Q: 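Could you have a look at this structure, given as structure tokens, before my questions?
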12 protein chains.
Amino acid sequence: MSTHVYKKIEIVGTSTKSIEDAADNAIQRASKTINNLRWFEISETRGDIEDGKVAHWQVTLKIGFTLEE
Amino acid sequence: MSTHVYKKIEIVGTSTKSIEDAADNAIQRASKTINNLRWFEISETRGDIEDGKVAHWQVTLKIGFTLEE
Amino acid sequence: MSTHVYKKIEIVGTSTKSIEDAADNAIQRASKTINNLRWFEISETRGDIEDGKVAHWQVTLKIGFTLEE
Amino acid sequence: MSTHVYKKIEIVGTSTKSIEDAADNAIQRASKTINNLRWFEISETRGDIEDGKVAHWQVTLKIGFTLEE
Amino acid sequence: MSTHVYKKIEIVGTSTKSIEDAADNAIQRASKTINNLRWFEISETRGDIEDGKVAHWQVTLKIGFTLEE
Amino acid sequence: MSTHVYKKIEIVGTSTKSIEDAADNAIQRASKTINNLRWFEISETRGDIEDGKVAHWQVTLKIGFTLEE
Amino acid sequence: MSTHVYKKIEIVGTSTKSIEDAADNAIQRASKTINNLRWFEISETRGDIEDGKVAHWQVTLKIGFTLEE
Amino acid sequence: MSTHVYKKIEIVGTSTKSIEDAADNAIQRASKTINNLRWFEISETRGDIEDGKVAHWQVTLKIGFTLEE
Amino acid sequence: MSTHVYKKIEIVGTSTKSIEDAADNAIQRASKTINNLRWFEISETRGDIEDGKVAHWQVTLKIGFTLEE
Amino acid sequence: MSTHVYKKIEIVGTSTKSIEDAADNAIQRASKTINNLRWFEISETRGDIEDGKVAHWQVTLKIGFTLEE
Amino acid sequence: MSTHVYKKIEIVGTSTKSIEDAADNAIQRASKTINNLRWFEISETRGDIEDGKVAHWQVTLKIGFTLEE
Amino acid sequence: MSTHVYKKIEIVGTSTKSIEDAADNAIQRASKTINNLRWFEISETRGDIEDGKVAHWQVTLKIGFTLEE
């Protein structure tokens, strides 16, 4: 890691399947408008329930990316 | 969300398969005796180990449900 | 649990597949040199991103094992 | 406070007006089925937004009450 | 909640009147440039003091909104 | 630990003697109405003071028990 | 803010009316004996309950003030 | 609890015997110069070791007392 | 501080020299595109190691700035 | 304390008697293989329950010791 | 450390130069009126920004000192 | 970062000069016996005071290194 500066944003991905899929959706959406995504940190995992089952996994990620100079 | 009142209970689900499956088991068990489950928040993920492998995933969830008036 | 003494170590497992697989890798590696692994607690879930996708899941675990007397 | 034993439950009150009103609603609802409510601790304050305005305040309280012997 | 992706931003609202008013000001300002605000979470409540009285309430909120696809 | 589901409740035990005694009182009281208590976690230790001495130790415990299927 | 040194003290204000009023009471009381109060941070909001209603709001504040040189 | 204002101070008591004794020592010392001590909260328990044994228990307490009007 | 609204962003500055220099780099980079930077809060200090020495200090800051009306 | 370097390890002591005894057991076991134990910090207190009573206290300690140069 | 009792106070030191200098200023100011300062713990590091540069480092310390018997 | 496994250890470095120097000392000492040190995270910054001045900075680091396969 050289002497770069990074920005961290907070994104909530959702999925009907799994925690990993919810995180993937968050990262994929972020990569549409931001280049140079570098790492992520999961800060919260929650979800909503319908008919006694998990309806959506909701995963909050901090995503870090390089700021261009 | 209208002006309801909700209660949160803390349940630990376990599974030999995955974190998601442990959470599903917790929610399924809770839905046997409680209607109107609305959301969950994972607060702890741990497990026990046997023979150098994960034996059970143990996932602690706070589960929220609507209190009837 | 009898009147044993346990030690906890902190291991980071990684995987290209899933959180569970990263945890399994950490536990498997620890079990190569330590007997009597007993339980684990996930304390952090993060990862690095390449080309707008999760490249590796990085899962930090505290792993507890029995100290022989 | 004599040598009693207390139980703490977690309730989410909501209100369109204020944080205090949301807490009052939670306590009022809890007092319908539980006697001897003694104290509360606010652990989370959040809400949902509609049309760029707070629609509901959602206040999570831990409420303590005396267990009868 | 469908399979959307959300972003959370952190805004500090201030008010001479109350915590609720400070939060309202933060949300109102955010809604000027962002559509689809969905929820908020208060993470910090502080203020400055002048002449032995609260001069301004300063309330930090995380505000979540839907990212368009 | 097999693939059970557990519930955690929060109880405050008090004692004029010691932290351990306050925890014992909480567990003993809980065991009057709940079978299958399995483990506890102390989350808070406090007390009230009278005449410059500890009057009561107040120990908050999360107590876990097996939910019958 | 020049190169001053500040001290922070912890005060609990109470009120039968509101969180804001409890904070005001804490600050007003502190200002009786300390000059140069500058800012406050709310660290805990709780209260006691009588007859199923909030009897007193109890708000813990850290209050910062300038130390004279 | 009437509409009083309270102050909380942080004291570290030590003891060669037990956690309770260390807390007692802290409270006893505080009561020498402050009247109206009301409650305490243990925030940290640590100690130093000599010759492979606990030499002193060091218990940090927040102690609350009534401010006279 | 008048009745403004502020936004907080999270930036990671890096430096081969010191924590202060890493923070300065983060703030300098942020000030290229944002006016009215007002304050910062360090939330994490870490770094990477090469050849048994600190290669880069990595300092995460929350930076607050005034939102224009 | 001179310009030494210290290492901290995490040990869980257990006891059927008390928190202090569980901590003593952890420190005594650690002192079998490590010289120069200097201090400890309790990070978690829990236990298991059998027949409605505490069966074992389980106390997690961070133990610090001097690294020889 | 003998069986003393200690008090901890919270001081914010500021400096235009560095974190260490801000801490030094806090300790130096505290030592003007208090003897027997023994240790400190940094709990927060922040600062204000002017013209896109750090104007003052603001470092919050808990400072412990021996209470005379 | 490939699919490696890492271990994290906790080391306290000390210095009479600065936080950075204390961290350097910790890392240098760790690198004497461990290869492949990769990163560190500062978890605590404290120190002891003599004659009203900082005598030693004490910086606690978690240090991560690659476990060989």
Side-chain angles (χ1 to χ4, degrees), chain I, chain L:
Chain I
M1 184 184 278
S2 63
T3 319
H4 293 310
V5 176
Y6 305 87
K7 185 172 181 180
K8 286 163 82 168
I9 54 170
E10 201 164 18
I11 304 288
V12 184
T14 63
S15 163
T16 57
K17 291 191 215 147
S18 70
I19 297 170
E20 284 85 350
D21 192 52
D24 282 336
N25 289 343
I27 291 166
Q28 232 170 71
R29 178 61 185 79
S31 73
K32 278 192 188 172
T33 51
I34 303 172
N35 294 320
N36 302 317
L37 300 183
R38 293 289 301 271
W39 82 93
F40 66 95
E41 311 155 18
I42 292 185
S43 55
E44 198 179 31
T45 304
R46 45 194 300 159
D48 55 359
I49 302 173
E50 285 173 16
D51 301 326
K53 289 180 191 165
V54 176
H56 296 90
W57 295 91
Q58 301 161 345
V59 178
T60 305
L61 297 90
K62 295 214 175 179
I63 301 179
F65 58 95
T66 316
L67 285 175
E68 296 179 19
E69 284 167 62
Chain L
M1 185 185 276
S2 63
T3 319
H4 293 309
V5 176
Y6 306 86
K7 185 171 180 180
K8 287 164 81 167
I9 54 172
E10 201 163 17
I11 303 289
V12 184
T14 63
S15 162
T16 56
K17 289 189 216 147
S18 70
I19 296 171
E20 284 85 350
D21 193 51
D24 281 337
N25 288 344
I27 291 166
Q28 230 170 72
R29 178 61 186 79
S31 72
K32 277 192 188 173
T33 52
I34 303 172
N35 293 320
N36 301 317
L37 300 183
R38 294 288 302 271
W39 83 94
F40 66 95
E41 310 155 20
I42 292 185
S43 56
E44 199 179 32
T45 304
R46 46 194 299 159
D48 55 359
I49 302 173
E50 285 172 16
D51 300 328
K53 290 180 191 164
V54 177
H56 297 90
W57 295 91
Q58 301 161 345
V59 178
T60 305
L61 296 91
K62 296 214 174 179
I63 302 179
F65 59 94
T66 316
L67 284 174
E68 296 180 19
E69 284 168 60

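Please read these numbers as outputs of a predicted model, since none were measured by experiment. Per chain, numbering begins at 1; letters A, B, ... match sequence-line order.
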Q: Is the shortest heavy-atom distance from the side chain of L:Phe40 to the side chain of I:Val54 under 4.5 Å?
A: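 In short, these two side chains touch, coming nearer than 4.5 Å.
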
Q: For L:Ser31 and I:Gly52, which heavy atoms make the closest approach, and how far apart are they?
A: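 Looks like CB-CA, 3.8 Å.
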
Q: Output the residues of residues 15-27 of chain L for which the shortest heavy-atom distance to chain I is under 4.5 Å, in residue-number order; output 'none' if no such residue exists.
A: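 Listed by number, the contacting residues are L:Ile19, L:Glu20, L:Ala23, L:Asp24, L:Ile27.
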
Q: Side chain from CB out, backbone as N, CA, C, O: work out which of these in L:Leu61 comes under 4.5 Å of a heavy atom of chain I, or both, or neither.
A: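 Neither the backbone nor the side chain of L:Leu61 comes within 4.5 Å of chain I.
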
Q: Kindly compute the distance separating CG (L:Leu37) from CG (I:Asp48), expressed to the nearest 0.5 Å.
A: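 Here the interatomic distance stands at 12.0 Å.
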
